[in-house]
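See below for the structure under consideration.
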Amino acid sequence: MKRVAIYLRVSTSKQDTDNQRRELEAVAARSGWLVERVYEDAGISGAKGRDKRSGLDAMLKAVNAKEFDMVAAWSVDRLGRSLTDLLGILQGLHDKGVDLFLHQQGLDTSTTAGKAMFQMLGVFAEFERGIIRERVNAGLARATAKGTKLGRRTVKASVEARIRELKAEGMGILKIDRTVGVGTSVVQRVVAAECRRPFATAILR
């Protein structure tokens, strides 16, 4: 018997998942599937990432543990609205050998036609990654052509000395960045380097 996880989602608190659940459980009964667990995100937009959707996160962790054979959802937009996130979810299912059933689209990747569709996901995912890489590389090339220096900005020796001086006086990092006029990350980097220096000297000795 095929082990199935049902995933339900609605975007607002005024909606409920009862209809989705009823239809998917009916499909499971007709198909002879065993519903292992129902995951739900109620009142959460599909544009939200996995970290904001506890039901989706729990389901994908179960996918990694191979706790079931198929995920059943009402429609593709219940899984996600962002193409990148959606492809990530579908690719994760594919990599673990977990099939997908989408009621509204009539997609069942355990069938021959559904398998062909699933295999295309890798092509679309690579296409998306390629576009992102091209945009990043083009942006870096434009910045370089304009004379923009890439990478972390260097901090003047006088600024570093002032940061160390204020830290030695007991001033906090947030107050130092306001006093010197640099970012908090710069202050943290200088302070961390100063803390490592005595340790490195002791080792060399």
Side-chain angles (χ1 to χ4, degrees), residues 1-136 139 184-185 188:
M1 185 175 288
K2 186 172 293 184
R3 300 170 304 159
V4 176
I6 290 177
Y7 178 70
L8 313 171
R9 186 187 65 76
V10 289
S11 300
T12 70
S13 58
K14 294 181 180 180
Q15 300 170 308
D16 61 56
T17 59
D18 291 349
N19 288 338
Q20 294 178 31
R21 182 169 188 155
R22 185 166 50 251
E23 288 289 336
L24 291 171
E25 286 180 341
V27 171
R30 290 195 302 269
S31 304
W33 301 339
L34 173 64
V35 177
E36 286 279 355
R37 188 168 176 183
V38 177
Y39 298 90
E40 180 177 337
D41 285 315
I44 301 176
S45 168
K48 298 289 186 183
R50 175 176 172 176
D51 59 327
K52 297 292 192 299
R53 296 163 66 184
S54 59
L56 178 65
D57 182 60
M59 185 188 73
L60 293 178
K61 287 177 180 175
V63 165
N64 288 333
K66 303 260 328 208
E67 293 181 10
F68 37 79
D69 309 305
M70 175 183 278
V71 169
W74 175 255
S75 66
V76 68
D77 65 347
R78 298 303 89 190
L79 291 175
R81 296 270 175 88
S82 161
L83 177 60
T84 302
D85 288 343
L86 182 59
L87 286 175
I89 293 169
L90 300 183
Q91 192 64 48
L93 297 178
H94 183 59
D95 291 343
K96 292 297 180 180
V98 175
D99 286 312
L100 175 67
F101 174 80
L102 298 173
H103 185 58
Q104 289 298 288
Q105 284 74 36
L107 175 68
D108 181 351
T109 64
S110 65
T111 65
T112 302
K115 278 185 172 64
M117 178 66 74
F118 226 15
Q119 289 168 358
M120 289 298 293
L121 294 176
V123 176
F124 288 120
E126 182 56 36
F127 175 68
E128 182 79 3
R129 286 192 292 268
I131 290 175
I132 293 172
R133 280 196 302 269
E134 287 178 4
R135 287 175 179 169
V136 170
T184 303
S185 61
Q188 291 173 332

Determine whether [X] and [Y] make a side-chain contact, defined as any pair of heavy atoms from C-beta on separated by less than 4.5 Å.
| X | Y | answer |
| --- | --- | --- |
| Q20 | V10 | yes |
| M70 | D108 | yes |
| L8 | L24 | yes |
| L93 | V63 | yes |
| H103 | E23 | yes |

Are the side chain of [X] and the backbone N or O of [Y] linked by a donor-acceptor pair below 3.5 Å?
| X | Y | value |
| --- | --- | --- |
| K96 | K66 | no |
| T109 | L100 | yes |
| Q105 | V76 | yes |
| D41 | G55 | yes |

Minimal non-hydrogen separation, [X] against [Y], with atom names:
| X | Y | value |
| --- | --- | --- |
| I6 | E25 | CD1-CG, 3.8 Å |
| A62 | F68 | CB-CE2, 3.5 Å |
| G32 | M1 | O-CG, 3.1 Å |

**Message:** Going by the rule side-chain hydrogen bond (donor to acceptor under 3.5 Å, both in side chains), which residues pair with N19 if we only count those two or more places apart in sequence or in a different chain?
**Reply:** R22
**Message:** Once side-chain hydrogen bond (donor to acceptor under 3.5 Å, both in side chains) is applied, do any residues pair with R37, and if so which ones, sequence neighbours excluded?
**Reply:** none
Enter the distance from [X]:[atom1] to [Y]:[atom2] here, rounded to the nearest 0.5 Å.
| X | Y | atom1 | atom2 | result |
| --- | --- | --- | --- | --- |
| L90 | L102 | CG | CG | 7.5 Å |
| L34 | R3 | CG | CZ | 9.0 Å |
| D99 | K2 | CG | NZ | 5.5 Å |
| H94 | I89 | NE2 | CD1 | 16.0 Å |

**Fill in**
side chain to side chain donor-acceptor pair (under 3.5 Å) with Y7: of E40, R78, R53, only one passes, and it is R53
**Prompt:** Would you call the rings of W33 and F101 parallel, tilted or perpendicular, where under 30° means parallel and over 60° means perpendicular?
**Reply:** perpendicular
